[in-house]
Amino acid sequence: MVHKVSAETGQPATQRRERRVHAAVAMHADRVRCRATLFDRVERVPRLVASAVAPPDPSSSAAELAGARAALAALAEETGRAFQEGAKLLIPRQALGDGADIYVLTGLPQPPLPVALISIGPDQTLSRLLASALRSTPIRLAQLRVSEQAGAGRPSAVVVEQWLRQVRPGVIVLAHNSGTPDEWATVFDGIRGLADDAEAPVLGLVVGPEAHQEQAAEAIGDQLELVGVDPSAHETASVTLALTTELRDRYKDAVRQSLAAHQLGSIPFVDLVEALELSMAFTHRRTGQSALLVHIDQGMLLMWTHDGQAATAFYAERDLGPGAAELSRIAPERIARWLPTQYPLESLTEWLLNRSLRPLAALETREDALIASAVLREALADGLGDLGLQPPADVQLVIASSWFAELPPALVALLLLDSVQPLPSRGLVTLALDDVDLFAAAGALATLHPGYAGVVMEQDALIPLAHCIVVSGEGAEGALAVRGELRVDGVGQRFSVPYGSLHVLRLPETGSIELSLELEPGFRVGAGEPGTRVELSGESGLSWAKLGLLIDARGRPLRLPDATELRLARIASWLADLGWQVR
Amino acid sequence: MERPLVEQVPALTRDVTLHIERRAALPGEVRVPVGARVEPATVVLSAPSSVPRPVTVHVARELGLSPGVVRRHLTRPLGSQVTAGEPIASARRGLRTAQVTAPITGQLAEVDEQLGTVTVTPAVASVEYAALVHGDVIEADEAQRVTIKASGDRVAGAVLLGKEVNGPLRVLTDRPDRELPPDAIDERCRGAVVVAGMTVSSAALRRMASLGVAGVIVGSLSATSIQAVLGISGSEAQADLWAARLLHGSWSGGFTEAPVSVLVTEGFGRRPMARPLFDALATREGHDAALLFASSIRGETRPACLITRAGATGGREPVAVPVRDGVRVRLTDPGRLGQVGVCRGDPVLDLRLDGVARWAVAVEFDDGARRLVPLANLEVLVAP
C-alpha cells in the first residue's frame, strides 16, 4: 500500500491565468551541485536551450544554496546571456535575450528532514501504511521495531535511545501495532534519554489509541510537541495525508528560509518529489502508458503511474553516493548474482563503503560499472516491491534520471530490464534517459505555467535509450523463440533470437521503420496469441533510440541458474548480447 | 559544462599551523587560561557527562501519609547522598515499618509538602577533555570550547572509527603494503598511536584493545574487521543501529565505543597506505600524535593525524594547491582507490567517445603507465 494521488486529477498546485512567458530558468539543486536550465521560445515554441551545472563543492555546507548563483553564472557562460545583475535576478527577459520571465527552483537543496518511525508491537500493518505514506515526502526515514516478539527480542530503552541519537530525527512517529504498555514505556524511556540534547526532536506524532496518547503526554509531553491520532477513529488516508502535508510544508519552509538568506527569496520552490509527480502525471495523461521513473542522485526516488494512479517511494538514504553505505544492508550474495565474474562477497560491501567515502568520484572502470549496475538491480527490486510493482509487470515506459548517464548505455538498459522485468501488454517497452533532469525542471515550471511546461515536455524531454520487444514464454535454452525482419525504408534485415538471449537491432534516426516477428509456438508478444505473426511500425512507437531495438527473449520472470558457473556464463552472455564483452 | 574543483589541501602537510577545537557536549568548566601552553595530557575542559534528570518519588502516597508530614519521615536529611535501593523514608504501619527506597543513586534534593513527594537528583560523572596536542590556548568560549593553536605535521585520513585519542607514534612496520601481524604488537604499544602499514586483522585489533593501544593508523580496513572491532552482530537491532550510523553519509564522530581508534587513510578492503603518507609518519617515530575528527580541526574536511611538538611555533596554515604538473595525487574511484601517481601537465577538457566532456589531467603512475584521470577522481597527496 502506498500513498496514491490521482494522475487524472494531478493538476499543478498553482492554477492561475498564464501570462505569456518567453524565457524561463529552472534550477535543480541538491546538496552537492546545482543545475540551471534555460528554456526559451524558438519560432514561438518553448524549447530547451541550454543546461549548465555549477562546480561541485564538497567542502560547502550542506544547507547552503550558494550553488544556485554559481549555476546561473555557469548558464550565463554557456549561453552568453546574463541572468544576474549583482544580487538581483534579471526579470523579465530582455530584448537581447538576457534574463528570464520566471525563475523556479526544484530539487532537494536541504538535507531531507530526518523522521524516525517507531513501530510498537508485533503487528506491522499500521507501520507499513505509515512508512509508505512517509516515503512520498522529502524525508529521510529510519524505522525501528519495538516488540517482544521481534526476531532478537525487544530492544531496551538504552538501544532505543542510542538508535535515536544516531538517527537524530526532527520528528518521531510512534505507531501502535498492538504494543503492550511495557513496550510503549520502553520507547518513552528511550525518547526521554534525548531530553537534553541540542538536536532533540521537536515533534512527536502518536498514531494509536487514546490510552497510549495519554501515556505519551504524561511521559514525553514536556519534551516535544505531541499530536495524537487514533487510527480507529479516522480514515487511514486522511491520517497519512495530514502527515505528508505537514512534512512537505516543513521541508519547503526550510528551503525558503535558506533562499531568503541568499537573497533569492523571490524564487518559488517546488520540492523534487512534487515536481516529478507533476511531470509523471502529465506523461501518463498524454500517453496513457504505464510508466516507471527511476531517479537516482542524492537518494533514490521511484514513481509508477498506471491506470490513472500514481505511487511514489523516496529513499533519501539510498543511492550510489553518500547513501551507498546504507545499500551495504543488501546481502552481498544478491549483488554478486548479477556479476559475470566471481567476487569475494566482502569486497562488494567494501566497494559500497568506499563509495560512500568518496561519493563524487566518477565510475571509470568496467568493474565499477558492473558492480554499480548489480547493486542498483537489487536496490530497485526492493524499492519496486514497496511501490506495489511486482516484476514482471505491465510497464511500457521506464525513465532513468541523468545519473544513469554515468554508466554505459548497454548496462543501463540491461539493469532496467533485469530489475523491472517489464512485460508490456502491447509488447513494446521504451527505456528512456532524462539526461538533463528535464522532468524535474518541467514539473517545477508546471506549478507556474503548465502550458509552457507541457510544450517543453513534449518537445525536449527524454532521450530514447532503447525500445524493447519482450517475448514471453518458455522453451529449451538455445531453441529458437522468434524470427523476424526489420525493414528500414523498405530494406530488410532478417534475424532470429533463441530463447534465453537478447538481440540488438540498430535503428536509424530517419526513415520508415517496420518490424515483423514470427513467434515460435509457446512464445508470445504482449497480449497476443502464442506462435502468431506480429507487425510493428513507427505508429506503434518504433523510432530511433540510442541503443536501438532490443528483442528480449529471456522469458518472464527471469530465471538465474543456481549453479555458479552457469550463472556467471548466463550474465556474461546477456552482456555480450548487448555488445558488452566481459573480458 | 561542469567545471572542475582545481584546488585542494594536500593530504600531507608539514610544519603547518593548526587550530584544534576541544568541545564538551554540555557546558562545564574551562580549566586553562587563554595564553596557557598545553601538552597533550593537559586537561583543558571538564563537563558533566549528561544532564542530571531528577526523579520524583511519591513518598506520601506509598507510605499512606499526609503530604505535609513527609519531611519528618525521611531516613536521611535533605542533601544526603543515597544509593539506589537504599531506604529514603519510612513509617510505622501497625507492627510493621513500611519503607520507600531510592530509585537511583544521587542526592536527596527536595521535598514538596503540597504533593508529598521527594526529589532525588542523580549523581553525574564529570568528563575531562585533554588537549591531545602541544600548543597554546588562544580562545575559550562559554565553558564548552577551547581553541588551541599548534604547529606540526598533518596527515589526513578518509575515516576515523573510535574516539579522539593521542599517544606517542610507534611505527611497527617498514612497509606501507603489508598487513601487521598480531604478534608484532607488544607492551611498547600501550597508550601509543601505532602505524600499522596496509591493514590489521580483527585478531590484531583485539590484541591492541587488550594491551591498551590508543589508536592505529592503517591504509585500509576490511568490513569484517570493522564489525569485529565494533562488536556488531547480525541481530536486527544491531543492524538497525549500524544502518542508522551510516545514514548521514558522514562517518565523523561515529563508532566512539570502539576499543581502539582506527584512522584509515585510503578506504575499505586491503589497500596499501599511500607511500608519501607512510614515509612521513615513519620519520616521526616517538613523536606525539593525535587522531582527531575533522570537526575538531578548523578548516578541515577530513579526520587527521596531527603530530605536534612542544614549543614549536610558526608555520603557515595549510593551503589549497592547484592540481598541476608535478603534484602527487591518489585516485579515489572504487576500482582504483589508493593508486598513487604524479600529475604530468595541467588539467584539460577531455572529450570522450560518447560525447561526454569532463576535466581531466594526465597522471603518471609508479609503473610508468600514464593516463588521463578525471579531476573528480583525484585527491592531492603532496604539493611539489
Side-chain angles (χ1 to χ4, degrees), chain A residues 33 52-59 74 77-78 114 140 142-145 150-153 155 159 162-163 165-168 192 195-196 198 316-317 321-326 328-329 346-347 349-368 371 405 408-409, chain B residues 1-6 8-9 25-26 50-53 158-159 220-224 226 233-251 254 264 266-271 299 301 331-338 354 356 358-359 373-379:
Chain A
R33 52 168 68 89
V53 179
D57 183 359
S59 64
E77 196 174 308
E78 186 102 358
R140 193 189 72 208
Q143 297 184 67
L144 182 70
R145 183 178 174 194
V159 169
Q162 274 185 325
W163 181 81
R165 280 189 195 287
Q166 295 299 331
V167 173
R168 285 181 262 163
R192 273 202 298 270
D196 306 300
E317 68 284 5
E326 166 68 10
S328 66
R329 295 190 81 175
E346 190 179 33
S347 74
T349 303
E350 287 157 354
W351 188 94
L352 287 164
L353 297 179
N354 283 326
R355 186 74 190 146
S356 75
L357 287 179
R358 272 104 168 186
L360 297 178
L363 299 171
E364 282 287 285
T365 63
R366 295 167 71 84
E367 183 178 289
D368 282 345
I371 295 174
Chain B
M1 182 65 237
E2 191 167 313
R3 285 171 302 160
L5 259 184
V6 289
Q8 292 178 18
V9 176
L26 294 168
S50 63
V51 174
R53 211 172 295 136
V159 63
S220 54
L221 200 61
S222 71
T224 310
I226 302 170
S233 68
S235 78
E236 193 179 327
Q238 287 280 10
D240 285 341
L241 199 55
W242 164 253
R245 290 164 184 221
L246 304 179
L247 272 179
H248 304 284
S250 161
W251 299 62
V264 180
E266 314 301 313
F268 298 106
R270 292 178 63 84
R271 297 164 196 277
T301 57
L331 272 53
T332 58
D333 52 317
R336 296 175 176 143
L337 180 60
D354 60 7
V356 176
R358 74 261 176 96
W359 291 90
V373 177
L375 293 189
N377 291 11
L378 289 178
E379 279 177 2

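When reading the values below, keep in mind they use all heavy atoms of this one structure, side chains included, and skip hydrogens, waters and symmetry mates. Below, chains carry the letters A, B, ... as their sequence lines are ordered, and counting in each starts from 1.
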Please state whether the side chain, the backbone, both or neither of Ser347(A) comes within less than 4.5 Å of a heavy atom of chain B. neither

Under 3.5 Å donor-acceptor, Glu346(A) side chain and Thr224(B) backbone: yes

Among Leu363(A), Thr365(A), Leu352(A), Asp368(A), which residue has the highest count of heavy-atom pairs closer than 4.5 Å to chain B? Asp368(A)

Report the residues that fulfil salt bridge (charged side-chain N to carboxylate O under 4.0 Å, His left out) with Arg336(B), sequence neighbours left out, ordered by chain and then residue number. none

Side chain, backbone, both or neither: which part of Glu379(B) has a heavy atom under 4.5 Å from chain A? side chain

Under 3.5 Å donor-acceptor, Glu350(A) side chain and Ala223(B) backbone: yes

Just by distance, do the side chain of Asn354(A) and the backbone of Pro334(B) share a donor-acceptor pair under 3.5 Å? no

By salt bridge (charged side-chain N to carboxylate O under 4.0 Å, His left out) - contacts of Glu364(A) (at least two apart): Arg358(B)

Pick from Leu331(B), Asn377(B), Thr332(B): which one makes a side-chain contact (heavy atoms from CB on, under 4.5 Å) with Arg358(A)? Thr332(B)

At what distance, to the nearest 0.5 angstrom, does OG1 of Thr349(A) lie from CZ of Phe268(B)? 11.5 Å

